[in-house]
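Chain letters run A, B, ... following the sequence lines, proteins first, then strands; residues in each count from 1. Because only heavy atoms are used, hydrogens play no part in the values below, and waters and symmetry mates are left out as well, while side chains stay in. Not measured: the values here are computed from a predicted model.
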Number of protein chains: 2
Amino acid sequence: MRNEHYLIAHTIPIFSTLGEREFECLLNMTYLQSFPAGTQLIEEGDPSEFLHIILKGVIELFCSSNNRETTMFVLRPVSTFNLSAVLENTSYSMSARTLVKSKVLMVPAENMRKVIEVNAAFAHAMVSELAKRYRSLINAFREQRLLSSAERLANYLLRASEETSVGLQVKLTENRRTLAALLGMSPEHLSRAFNKLKDYGVEAKGGKIILANLKELKQFSESTG
Amino acid sequence: MRNEHYLIAHTIPIFSTLGEREFECLLNMTYLQSFPAGTQLIEEGDPSEFLHIILKGVIELFCSSNNRETTMFVLRPVSTFNLSAVLENTSYSMSARTLVKSKVLMVPAENMRKVIEVNAAFAHAMVSELAKRYRSLINAFREQRLLSSAERLANYLLRASEETSVGLQVKLTENRRTLAALLGMSPEHLSRAFNKLKDYGVEAKGGKIILANLKELKQFSESTG
DNA sequence: CGAGCCATTGACAGAGGTCAAGGCGTGTGG
DNA sequence: CCACACGCCTTGACCTCTGTCAATGGCTCG
């Protein structure tokens with residue numbers, strides 16, 4: 001093991017199946033790079049050269065069409081992106097930029113494809129990872145089509161409260177602008193969505209949100225028209 | 001080989017890696033069933049028991065929330081659905097129903113998981129299949145967020161023309177109602193979208209669409225606000 | 001020929017985006 | 001320590017896109 005960063009990378013699910021030797025092989029020719037905030041790391045459509053592993057900071061994955069842009073995901077350590085493009089040896093399906101100063105491990109795509117060929121457990125881990133991502137993307141797509149902006153926000157807050165809440169308080173990890181983009185709405189509209197949720201016990205003060213009435217909020221997010 | 005249906009199933013990419021013996025093993029305890037139009041085959045959230053292979057007919061995959069419903073995919077022979085749920089041994093992420101009389105091969109989910117354990121080539125085929133689906137889903141999601149309904153329709157027609165056109169004529173495989181649901185809009189709005197596209201050389205008469213001006217249509221779908 | 005389904009059209013309503021203005025907090029420099 | 005500037009969030013006004021409801025027309029099938 002060369003240093004702490006590699007140890008960190010080894011802990012994530014898709015790499016934990018690998019033995020020391022194979023992991024070393026995977027990391028051959030890997031770059032560790034730091035980027036300032038606002039740096040575009042990859043451009044949608046470019047051929048995939050690396051699997052990116054985010055070790056520090058925040059990365060936004062986004063897509064563009066017709067001079068418009070939408071945020072697909074906001075990623076934090078420790079996670080990877082571009083997996084599907086790398087495995088298929090095709091072009092990136094999304095662009096990526098840093099939202100804050102970030103540290104990224106860049107594993108040559110070819111290494112991934114080589115190791116997958118010889119290591120069945122690694123292939124199974126890929127299957128599992130891709131299936132999970134597929135399912136979560138299905139859910140995001142469904143929410144986009146079926147739920148209003150306020151309902152999407154309610155769902156987001158409820159999920160966040162399951163993961164990170166202290167009592168009824170949720171601490172937002174994104175600023176309002178980023179959260180709006182992630183939920184597929186304008187920043188102005190996010191403000192109004194928060195206002196609407198006040199009726200359901202959502203008190204928002206900066207990055208701290210209090211969900212005073214979980215039951216009503218759930219009811220709103222699940223059954224309102 | 002037991003009959004023609006199994007031969008057909010053997011031809012699709014994810015199964016073509018399998019030898020005769022493994023394919024037989026996979027199909028152990030498989031059911032071949034016919035369903036009339038409008039039959040719901042699976043319900044979102046139910047535990048996944050089978051990988052479904054559609055041999056004949058048309059299947060709609062859809063999701064529901066808050067008494068609303070949206071069409072995610074419309075599938076025709078020969079293709080599979082539920083792959084991610086089956087591989088992860090978790091619940092279905094979408095519901096499915098027949099749109100017309102259909103014939104479906106139902107492979108026990110456990111068989112899939114067994115064969116993937118012992119056959120590396122099969123695992124690789126799964127990786128490839130999942131990655132492809134992930135990318136096409138990313139694209140659908142992006143279109144839903146970034147494009148207007150008329151632009152989504154234009155893209156749909158352009159894709160269809162690449163695949164199935166005879167000269168400039170495209171034959172629609174779905175009726176208007178289904179097409180509207182697939183593109184994420186109401187049937188009424190689809191009518192208006194077709195009207196808007198008349199300005200760009202789209203002449204629609206029943207199931208036959210003439211794209212009289214591909215260049216302008218492409219321009220509209222890609223760069224209009 | 002009539003019933004029924006599907007597609008279209010019109011009128012209306014609601015959701016969400018855009019633009020402009022104002023408020024609030026934070027940090028910096030005088 | 002205060003004043004100012006800057007960024008971010010919010011608010012209001014307006015407008016576009018899309019859905020809903022109702023009515024109409026056209027087609028198919030009995």
J.: Nearest whole angstrom, please: distance from the P of C:dG16 to the CZ of A:R145.
T.: 16 Å

J.: Measure CD/B:E174 against P/C:dA7 and give the value in whole Å, please.
T.: 12 Å

J.: Counting primed atoms plus P, OP1 and OP2 as sugar-phosphate and everything else as base, spell out the protein contacts along nucleotides 21-30 of chain D at 4.0 Å heavy-atom distance: B, S or - for each nucleotide, 5' to 3'.
T.: B---------

J.: Bend across the helix from C:dC1-D:dG30 to C:dG30-D:dC1, to 10°, with axes taken over 5 pairs at each end?
T.: 20°

J.: Between A:E163 and A:R76, does at least one N-O distance fall below 4.0 Å, as a salt bridge requires?
T.: no

J.: Give the rounded distance in Å between these two atoms: CG of A:L190 and C1' of C:dT18.
T.: 16 Å

J.: Which value, rounded to the nearest 0.5 Å, describes the distance between B:I209 atom CD1 and B:L153 atom CG?
T.: 8.0 Å

J.: I need the CZ-C1' distance between B:F194 and C:dT9, as an integer number of Å.
T.: 16 Å

J.: Output the rounded distance in Å from CD (A:E151) to C1' (C:dA15).
T.: 11 Å

J.: So, for B:R152 and B:E143, which heavy atoms are closest and what is the spacing to 0.1 Å?
T.: CD-O, 3.6 Å

J.: Enter the distance from B:E129:CD to B:I14:CD1 here, rounded to the nearest 0.5 Å.
T.: 5.5 Å

J.: At under 4.0 Å, does any side-chain N or O of A:S149 touch on OP1 or OP2 of C:dG16?
T.: yes

J.: Excluding sequence neighbours, so at least two apart, what forms side chain to side chain contact (heavy atoms under 4.5 Å, CB included) with B:L61?
T.: B:I59, B:F73, B:L75, B:F81, B:M94, B:A96

J.: Give me the atom names and distance for the closest heavy-atom approach of B:S65 to A:L147.
T.: CB-CD2, 4.2 Å

J.: Counting the atoms with a prime plus P, OP1 and OP2 as sugar-phosphate, which does B:G184 contact under 4.0 Å by heavy atoms, base, sugar-phosphate, or nothing?
T.: sugar-phosphate

J.: Does the side chain of B:N195 get closer than 4.0 angstrom to OP1 or OP2 of C:dT9 through an N or O atom?
T.: yes

J.: What is the distance from NE2 of A:H189 to P of C:dG14, rounded to the nearest Å?
T.: 14 Å

J.: Surrounding CZ of A:R177 (heavy atoms of other residues, nucleotides or ligands, distance under 6.0 Å), is the total greater than 12?
T.: no

J.: Checking B:R133 side chain against B:S84 main chain: does a donor-acceptor pair fall under 3.5 Å?
T.: no

J.: To the nearest Å, give me how far apart CG (A:L146) and C1' (C:dA15) are.
T.: 15 Å

J.: If I take atom CD1 in residue A:I209 and atom C1' in nucleotide D:dC9, what distance separates them, rounded to the nearest angstrom?
T.: 13 Å

J.: Taking only side-chain nitrogens and oxygens of A:N175, does any of them come within less than 4.0 Å of OP1 or OP2 of D:dC8?
T.: no

J.: Side chains of B:S128 and B:K132: is there a donor and an acceptor less than 3.5 Å apart?
T.: yes

